[in-house]
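Only this structure's heavy atoms are used, side chains among them; waters, hydrogens and symmetry mates stay out. Numbering of ligands and ligand atoms starts at 1, following listing order.
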Amino acid sequence: MAEKTAILHIEGREAIELPILNGSIGPDVVDVRALGANGYFTYDPGFVATAACESAITYIDGNQGILLHRGYPIDQLANNADYLEVCYILLYGEVPTRAQYESFLETVTRHTMVHEQIASFFHGFRRDAHPMAIMCGVVGALAAFYHDSLDINADEHREIAAYRLLSKMPTLAAMCYKYSIGQPFIYPRNDLDYAENFIHMMFSTPCEEYEVNPVIARAMDKIFILHADHEQNASTSTVRLAGSSGANPFACIAAGIASLWGPAHGGANEACLRMLEEIGSVDNIPEYIERAKDKDDPFRLMGFGHRVYKNYDPRATVMRNACHEVLKELDIEDPLLDVAMELERIALSDAYFIEKKLYPNVDFYSGIILKAIGIPVSMFTVIFAMSRTIGWIAHWNEMHGDPDNRIGRPRQLYTGAKRRDFRSMEERELCPEEPEQIMA
Ligand code: CMC
């Protein structure tokens, strides 16, 4: 029995008592499940105040700008852990011992190759296809290649699917890039770590030795960590909803990739860099700030604002520092960084952005780092998808282990036509107006 309850008074009806559930931290949650049986639904477009599940993976306090994975603050993880350690924490809930870490690393490393026939699958796509379009298709197709372990009710099968996805995503992502530039696919190398291997598959060719720059590999690893999970965002909720029907994990992750692609979500990093290029110079910033504030102009400042953060996105703070480090270490002077810094300064002192609590988010700086390390803009969201795959799998796995899991089935506030009789084409031609009594 819940300690506190909420009482809902609806005119002319007996009060409805609703339990209040407590999480370990964060706001209490009114359990509205009993409302349906009482003939009411709740209305919350965009899920602004609706918890669709219970989860122990990630916690966000948007007002204070806090992000914790399994309790660990994101800045501590980004500065002191490596991506695979964070993956382990997300998946298993605790930090690994050295032996557990090494075994995890070994398993992930030894499953990075993809079925050789997947290469032929790529050739069906046009060369100029967007890499995200290819990723959606190829990841969905993995179910056709790895169908030996698709029993979602078996813990072991779910773990195998998790390893396969985590291991193979960098290989597939790099294949998307190589295909788009007409170069041969590069096989993974087991002597490299996760980030190094990705850089190697992206940039080496069979023609000469390629040495991975450690500055680039470190920056890449940090980008992976900062994108690893973000609780119930649009793509994670998509993965959960798709998975709730019992769909196979590869199809669910493909659904997540599709959802991530939109410019309001993971597509913002690409859109942000294109926006900085379009602004071009600090002199043009005021014009774009005015456009962002104009209700009649659809333009938005990409990389600004967040549904949950009403404070600086803690990932953006780490990304901002990483961005400066990378440009300094690689000795790159990028005028886009000057535009970004000035845009940030002006926006943060503008009444519109202050009043609406619009702060830079993770995507504001990630594009500048990715560009500095030679990643083409069209690959930005693919890298986000690759990094987020672990978060998606952790949530998908958590959902299937939850005894309360049921197929996701939101309800609606219906505002369409009431019941009316269908009239044949001939009847409609004879009498175009619908008879009034039928309309009622
Ligand atoms: N530029 C200008 N105005 C903005 C912006 C922006 N970037 N973001 C929000 N607003 C305004 C918006 O017009 C609205 O104004 P009003 O109250 O007058 O109608 C108000 O701020 C609240 O915005 P909202 O759209 O109701 O907020 P939301 O929670 O539905 O949307 C968002 C959040 C991230 C989609 C939105 O801020 C946005 O479109 N930002 C730009 C895209 C972006 O950077 N997305 C990456 C998000 S972080 C990475 C990830 O998790 O995927």
Side-chain angles (χ1 to χ4, degrees), residues 44-50 57-63 65-67 69 74 78 132 223-239 256-276 278-279 285-320 340 343-344 346-370 377 380-392 395:
D44 183 18
F47 302 108
V48 178
T50 296
I57 300 174
T58 290
Y59 172 75
I60 302 176
D61 181 332
N63 292 325
I66 292 173
L67 168 61
H69 291 322
I74 188 65
M132 279 298 276
I223 288 176
F224 292 164
I225 294 176
L226 292 172
H227 288 95
D229 189 44
H230 213 228
E231 54 113 303
Q232 313 306 325
N233 52 81
S235 56
T236 304
S237 301
T238 302
V239 170
I257 295 174
S259 166
L260 186 78
W261 194 1
H265 193 9
N269 51 14
E270 179 174 341
C272 181
L273 200 92
R274 294 202 193 282
M275 175 194 77
L276 292 175
E278 191 186 312
I279 297 175
I285 293 174
E287 177 198 331
Y288 282 86
I289 295 271
E290 283 319 305
R291 282 188 60 195
K293 289 156 50 173
D294 182 354
K295 280 244 156 282
D296 299 324
D297 189 329
F299 174 78
R300 277 188 170 198
L301 222 47
M302 299 317 278
F304 266 78
H306 198 276
R307 167 60 60 79
V308 183
Y309 293 119
K310 300 303 167 202
N311 201 325
Y312 218 97
D313 178 342
R315 302 168 300 172
T317 316
V318 182
M319 200 69 95
R320 185 180 202 261
L343 186 62
E344 183 187 16
I346 296 181
L348 289 180
S349 55
D350 188 289
Y352 173 93
F353 289 84
I354 294 171
E355 189 210 317
K356 295 191 187 301
K357 299 194 170 126
L358 300 170
Y359 292 86
N361 59 49
V362 68
D363 290 323
F364 191 66
Y365 283 103
S366 63
I368 298 172
I369 309 188
L370 289 170
V377 178
F380 287 6
T381 314
V382 171
I383 289 174
F384 193 158
M386 220 179 101
S387 322
R388 182 56 59 84
T389 295
I390 188 63
W392 291 331
H395 282 272

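Only the side chain of K356 comes within contact range of ligand 1, with a heavy atom under 4.0 Å; no backbone atom does. When heavy-atom distances to ligand 1 are checked against a 4.0 Å cut-off, K295 comes that close only through its side chain, counted from C-beta outward.
Taking only nitrogen or oxygen atoms, main chain and side chain alike, H265 reaches within less than 3.5 Å of ligand 1. Backbone and side-chain nitrogen or oxygen atoms of A264 are examined, and one is located within less than 3.5 angstrom of a nitrogen or oxygen of ligand 1. Checked against a 3.5 angstrom limit, the closest N/O atoms of F384 and ligand 1 fall outside it.
Within the structure, ligand 1 has L358 among the residues with a heavy atom less than 4.0 angstrom away. Residue contacts with ligand 1: F364 is excluded, as none of its non-hydrogen atoms falls under 4.0 Å.
Distances from atom 22 (C) of ligand 1 to the protein include no heavy-atom value under 4.0 Å.
In terms of protein heavy-atom proximity, atom 1 (N) of ligand 1 is nearest to L301 N, 3.1 Å.
Checked against the 6.0 Å centroid threshold, F353 and F304 count as a close aromatic pair. In this structure, the ring of Y312 has its center no less than 6.0 angstrom from the ring center of H306.
With D44 contributing its side chain and A49 its backbone, the two residues share a donor-acceptor pair below 3.5 Å. No donor-acceptor distance shorter than 3.5 angstrom exists from the side chain of D313 to the backbone of P360, with no hydrogens or angles considered. The main-chain N or O of F380 is found under 3.5 Å from a side-chain atom of N269 such that the two form a donor-acceptor pair. The closest donor-acceptor contact from the side chain of N361 to the backbone of Y359 lies at 3.5 Å or more, if one exists at all.
The contact set between ligand 1 and G266, taken as ligand atoms under 4.0 Å from a residue heavy atom, comprises 52 (O). For ligand 1, the atoms closer than 4.0 angstrom to any heavy atom of G303 are 43 (C), 44 (O). Proximity to A268 (heavy-atom distance under 4.0 Å) selects the following atoms of ligand 1: 43 (C), 44 (O), 45 (N), 46 (C).
Comment: R274 engages E270 in a salt bridge, judged by a side-chain N to carboxylate O separation of less than 4.0 angstrom.
In this structure, K356 satisfies the cation-pi test against Y352, with its NZ or CZ atom closer than 6.0 Å to the six-membered ring centre and inside 45 degrees of the ring normal.
For atom 31 (O) of ligand 1, the nearest non-hydrogen atom from the set R300, E355, M275 belongs to R300.
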